[in-house]
Every structure is written in C-alpha cells, then in structure tokens.
Amino acid sequence: MGDMVGDLVCVLEHANVSSAICMGYVISSLLKLENPLTSSCRHDWGSQICYEAARMRPDLFTAVVGVVVPYISAAGPFVPIKHLVTVLPKLTYQLFFDSKLNAATAELDRDIRRTVRATLRTVDSPPPDAYLQSADSFLAAWDDIDEIPRVPFLSPEEEDYFVEQYGFQGFRNTLQFYMTENRHAAWELAQKQGNFTISVPALAVYPLNDPVADWKLAAHLLKTAEFVPELTTEVLTGAHWVHLENHVEFNTIVRGWLRKLHGDQLKREVEVRISDEL
C-alpha cells in the first residue's frame, strides 16, 4: 500500500501538482472550481489506497472520497482474513485468492468475459447466494448457469473493452491486495509511522445492498469515525458497484460534498485574511 501511495505522489510531483483530492476528476471539472484540484476516482481497494494517501500525506492529499469500503485503521493488532470469515462468510473468496494464487489466476483468466460478468452485478441482477463463499473457487457458484447476463451498467462496447484489457494483463497482479503478506506489510508500515488518523475532510459512500457486507455497520464496529474526525457518511441504494449502478445519485452526493468543501475552504481563507489584517 505504501508503494502505491508513493507512486501517486511521484505522478503528482512530476505533474507539478501541489494538492489533490482523491476522487472523481469529472466531478471536479463540472464544479468549475476557481482552483481546480487534480483527483481520481477510487472504489473498494482503490478507496483504501486513497485513505492511506490522505493518512500519509495530508499536505498533498487535502481531501478524500471512499466508496463502499470504510477506512480501516491499523491501530489495533493485525487480523488475517481467515479470522473474519466466520462473521463475514462472503469474504471467504479472499482465502482462495490468498492461499491458492495459481489456481485462482487460472480460473479467472480461463474465460475473462465470464469472470467480468460474474463480478460486476447489481441489485436487480444479483449473483447466486452461494457466490463468494468458497475457499476453493471464485466462480463455482455460477456453474449451473451456462451464460451469465452481460454487465448491467456497461454498454456492450464498454464490456468488450473491459474484457479486452484484462486479456492483455490477466488477473494475477490484481490479486496482490488479497495476499496476507501484503496486507501485513501495509499494517506494519502504519504501525511504524505511528499515525492512524486521517486529518483531512473525507466522504464515505456506502451501498445499502452489498452482498459482501453491511459496510455502514462495519464502519461503526471499526470505529472509523474516531480515526476520521472530518468524516461525512452517505448511504445509497445499490450493490457493490454502487457508483456505477446508480451513477447519477452517486455523482449528486459527491458534487454536494465538493461544493460544501469548497465553500468551507473559501470561508477559512477569508477568516485567515481578516485575522491577518487585524
């Protein structure tokens, strides 16, 4: 995780960008801010990268938007996924990715379109109930279905492009997030730094219908708000890919938060100028 944050920092420094919000560039542009900020949209593991970026470099990442997964502080002891599956059984697939990397890669790469369609589902077109609950297969729950329906929120051309790109790179490198050693390394880095708080403004958008977990409840149990004092939490009807499933509603939430954020920044700047003049 630290390496990925370092990569983001290098890109911004190379582009001579002095501050950034880890969120959607299109939204930032639509707001026509007086001082547009560089940004990028993050979801799930991408959200974790953005959270870590804001934690590690609040001087550069001045705000953050996370989608689906809450900020998970490293303040406590390291907890392997195998200890969580009894209470969150739909995390069991992560054991497959972690302990059987070669088998997982072979299964995912065998029929990329089937893998993509199995993964990108919605509330109205859900996966089978048994999906994600196997430590030996990611796709076995779909075995009784000959052809999985196309991805509901992608056009045929977009789905083709998605499949084409994974055809070039495969899925192996995307599984690095699930490796116990990598998760432990991220936890260890935060432990060594001794800072577990995100001090900048943050927006978390949680789906109400994610088959994996109730992320709003998870955030409460993880005490996320205690480690993110300027956290705004919103919920939205939708499954795991809520920002794509209900993109209009999602963008409305983020735009509103950005407008308030920008207004608060301008207010603080005025207050500082008045204070300096006095």
Side-chain angles (χ1 to χ4, degrees), residues 1-4 7 42-49 52 67-70 72 78-122 125-154 158-189 207 210-213 215 218 239-245:
M1 198 71 72
D3 289 342
M4 294 184 180
D7 290 343
R42 302 292 177 180
H43 165 268
D44 198 289
W45 281 112
S47 294
Q48 294 300 322
I49 295 173
E52 285 300 295
V67 187
V68 177
V69 179
I72 303 173
F78 176 72
V79 181
I81 289 296
K82 65 182 180 181
H83 296 324
L84 298 177
V85 296
T86 53
V87 292
L88 294 171
K90 291 202 172 183
L91 291 181
T92 304
Y93 74 97
Q94 296 191 16
L95 299 180
F96 177 51
F97 291 166
D98 181 25
S99 63
K100 301 177 181 179
L101 178 60
N102 291 335
T105 301
E107 181 182 71
L108 298 176
D109 288 350
R110 187 174 300 115
D111 185 339
I112 292 175
R113 190 176 300 277
R114 187 172 179 83
T115 299
V116 168
R117 289 183 172 184
T119 306
L120 305 182
R121 306 316 307 168
T122 63
S125 183
D129 289 339
Y131 185 52
L132 305 179
Q133 299 190 59
S134 171
D136 299 306
S137 172
F138 183 70
L139 298 173
W142 292 93
D143 284 351
D144 293 335
I145 299 174
D146 291 335
E147 183 175 358
I148 300 174
R150 73 174 185 84
V151 179
F153 46 75
L154 296 181
E158 289 169 332
E159 182 180 291
D160 287 345
Y161 178 77
F162 212 102
V163 171
E164 178 187 47
Q165 294 306 302
Y166 270 107
F168 295 141
Q169 68 183 49
F171 287 93
R172 188 179 187 87
N173 290 337
T174 68
L175 301 184
Q176 62 181 301
F177 292 103
Y178 303 96
M179 302 295 101
T180 296
E181 56 267 36
N182 289 342
R183 294 182 62 250
H184 186 271
W187 173 86
E188 188 175 45
L189 175 63
D210 193 334
V212 177
W215 295 115
H240 189 71
W241 310 91
V242 65
H243 62 309
L244 299 173
E245 182 178 353

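Between Ala118 and Trp142 the shortest heavy-atom distance is CB-NE1, 3.4 Å. Between Ile72 and Val69 the shortest heavy-atom distance is CD1-CG1, 4.4 Å. Counting all heavy atoms, side chain and backbone alike, His83 lies closest to Val79 at CB-CG1, 4.1 Å. Counting all heavy atoms, side chain and backbone alike, Pro211 lies closest to His240 at CD-N, 4.3 Å. Nearest heavy atom pair, residue Val151 against residue Arg117, reads CG2-CA, 4.1 Å. Closest heavy-atom contact between Ala239 and Arg121: CB-O, 4.2 Å.
Checked options Leu95, Leu91, Asp98, Thr92; the residue passing with Lys82 is Leu95 (criterion: side-chain contact (heavy atoms from CB on, under 4.5 Å)). Test Phe171, Tyr178, Phe177, Trp45 against Phe97 for ring pair (Phe, Tyr, Trp, His ring centres under 6.0 Å) and you get one pass: Tyr178.
Put simply, the side chain of Ile81 does not reach to within 4.5 Å of the side chain of Thr180, judged on heavy atoms. In this structure, the side chains of Thr115 and Tyr166 stay at 4.5 Å or more apart for every pair of heavy atoms.
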Legend entry - Test side-chain contact (heavy atoms from CB on, under 4.5 Å) applied to Val85 and Gln133, step by step: CA-CA 9 Å; Val85 296; Gln133 299 190 59; over 6 Å; no
Inset, instruction - Decide yes or no on side-chain contact (heavy atoms from CB on, under 4.5 Å) for Arg113 and Arg150, but give the supporting numbers first. - result: CA-CA 9 Å; Arg113 190 176 300 277; Arg150 73 174 185 84; over 6 Å; no
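Rounding to the nearest 0.5 angstrom, the gap separating the CG atom in Asp111 from the CG atom in Leu139 is 8.5 Å. To the nearest 0.5 angstrom, Tyr131 atom OH is 3.5 Å from Thr119 atom OG1. The structure places CD of Glu107 at 10.0 Å from CG of Asp136, a figure rounded to the nearest 0.5 Å. Once rounded to the nearest 0.5 Å, the distance linking CD of Gln94 with CZ of Arg183 reads 7.0 Å. From Ser47, atom OG reaches atom CD of Glu52 across 12.0 Å, with rounding to the nearest 0.5 Å. Atom CZ of Phe138 sits about 6.5 Å away from atom CG of Leu108, to the nearest 0.5 Å.
Counting non-hydrogen atoms of other residues, nucleotides and ligands closer than 6.0 Å to CG of Asp129 gives a total of 12 or fewer. The number of heavy-atom neighbours closer than 6.0 Å to OH of Tyr161, taken from other residues, nucleotides and ligands shown, is 12 or below.
Looking at Arg114, its side chain does come within 3.5 Å of a backbone N or O of Asp146 through a donor-acceptor pair. Here the side chain of Asp109 pairs no donor or acceptor atom with the backbone of Gly170 at under 3.5 angstrom.
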